[in-house]
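A short write-up of the structure that comes next.
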Amino acid sequence: MVASILIIEDDEGVLTYLKEFLFEHGYNVMTATAGAKGLAIIKKTAPDLVILDLGLPDTSGETLCRQIREKFSDIQIIMLTAKDTPQDIIQGLKLGADDYLTKPFDAEVLLARIQARLRRKTGTNANLQVGDLKLDTQTMQVTRAKKELHLTAQEYKLLEYLMQNMGKVLTRDMILNRLWLSSVDIETRIVDVYVGYLRKKIDRAFPKKLIRSVRGFGYTIKE
Ligand code: CA
């Protein structure tokens, strides 16, 4: 399961460090330095988990937490804050945060908390299937017609995202946001390049093609 995480934090040093740390641990990471931009990214991409700093320049983390909870009940929220009195912690949890970490914190501890939150969220949905193409999110094994396919990390993430949304059209922007760091300036053409790589591996040897282009929009996978 390649999960997407949005970090909302105005301290650029903490933000950059966390972004790289989590990206290296295989997550799709998006970032925002203010609440308004964070909320816009949430509405657009519905990440699996949000790391939310309580002290933001444009809005309080408390307000943002409530706004996220009103519309997205299944997004996991981990709050980061310098405040650490029991009242602050209780307040954060009351507003809908799932967990709470006080600064300064250890990145490995945050990682463990993230893994615990995401395990709870994903439950047992381990296998994805489209026709004779199968993807096991626990072992990360991909097979087509029982033959194992060897994908790179990015190809795997792309395939998993397509299969999680079987039959739905994913735009190039959606794929770009999900697979690459949002702050890096990448052209949407890279999506076409990676879809090309993936097609070579999962479709080329088979008469029945599963990945379809939707002209002007993006891509979908279906039987
Ligand atoms: Ca702050």
Side-chain angles (χ1 to χ4, degrees), residues 1-122 153-154 157 161 173-186:
M1 177 70 197
V2 180
S4 57
I5 297 176
L6 169 64
I7 310 166
I8 308 177
E9 163 68 81
D10 62 322
D11 182 328
E12 303 265 1
V14 174
L15 187 69
T16 304
Y17 173 70
L18 277 186
K19 180 172 78 175
E20 285 168 9
F21 178 77
L22 294 175
F23 194 69
E24 276 163 20
H25 283 84
Y27 294 104
N28 297 314
V29 188
M30 296 168 285
T31 61
T33 51
K37 193 192 166 204
L39 199 58
I41 293 174
I42 290 167
K43 284 177 180 163
K44 201 173 159 192
T45 67
D48 297 301
L49 185 142
V50 175
I51 296 169
L52 177 60
D53 177 34
L54 267 188
L56 293 168
D58 60 335
T59 174
S60 75
E62 285 98 337
T63 305
L64 197 57
C65 188
R66 207 169 43 232
Q67 286 170 327
I68 298 168
R69 264 298 158 262
E70 277 167 10
K71 291 197 173 148
F72 301 92
S73 57
D74 65 336
I75 293 180
Q76 299 290 311
I77 302 173
I78 298 179
M79 276 194 178
L80 295 181
T81 182
K83 305 173 191 171
D84 63 352
T85 67
Q87 286 83 352
D88 291 321
I89 295 170
I90 290 163
Q91 177 70 1
L93 296 174
K94 263 190 187 167
L95 288 168
D98 298 290
D99 205 348
Y100 202 97
L101 224 54
T102 53
K103 293 177 180 176
F105 58 88
D106 187 292
E108 296 290 341
V109 172
L110 176 63
L111 181 65
R113 300 281 184 92
I114 289 170
Q115 288 165 341
R117 296 319 316 174
L118 292 176
R119 254 200 309 278
R120 244 167 264 192
K121 180 181 163 150
T122 51
Q154 284 302 82
K157 283 189 198 177
Y161 187 38
D173 279 334
M174 287 166 79
I175 296 171
L176 201 62
N177 278 325
R178 182 81 177 202
L179 262 73
W180 284 274
L181 283 170
S182 61
S183 58
V184 179
D185 197 17
I186 304 176

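Indexing begins at 1, ligand by ligand and atom by atom, following the structure's order. Computation of the quantities below employed the complete heavy-atom set of this structure, encompassing side-chain atoms and omitting hydrogens, waters and symmetry-equivalent molecules.
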Taking both backbone and side-chain atoms into account, decide whether P57 has an N/O/S atom under 3.0 Å from the Ca ion (ligand 1).
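Within the cut-off used here (under 3.0 Å), P57 places no N, O or S atom near the Ca ion (ligand 1).
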
Nearest to the Ca ion (ligand 1) - the N/O/S atom of D10, by atom name
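Result: OD1.
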
Would you name the N/O/S atom of D53 that lies closest to the Ca ion (ligand 1)?
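Result: OD2.
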
Decide, yes or no, whether a salt bridge links D106 with R113 under the criterion of side-chain N to carboxylate O below 4.0 Å.
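Salt bridge flag = no for R113 with D106.
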
Is the shortest side-chain heavy-atom distance between I68 and L39 below 4.5 Å?
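Yes; the side chains approach each other to less than 4.5 Å.
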
Taking the side chain as C-beta and beyond, is there a heavy-atom pair between L22 and I51 under 4.5 Å?
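L22 reaches I51 side chain to side chain.
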
Using 30° and 60° as the class limits, which term best fits the ring planes of Y17 and F21: parallel, tilted or perpendicular?
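Answer is parallel, since the angle falls under 30°.
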
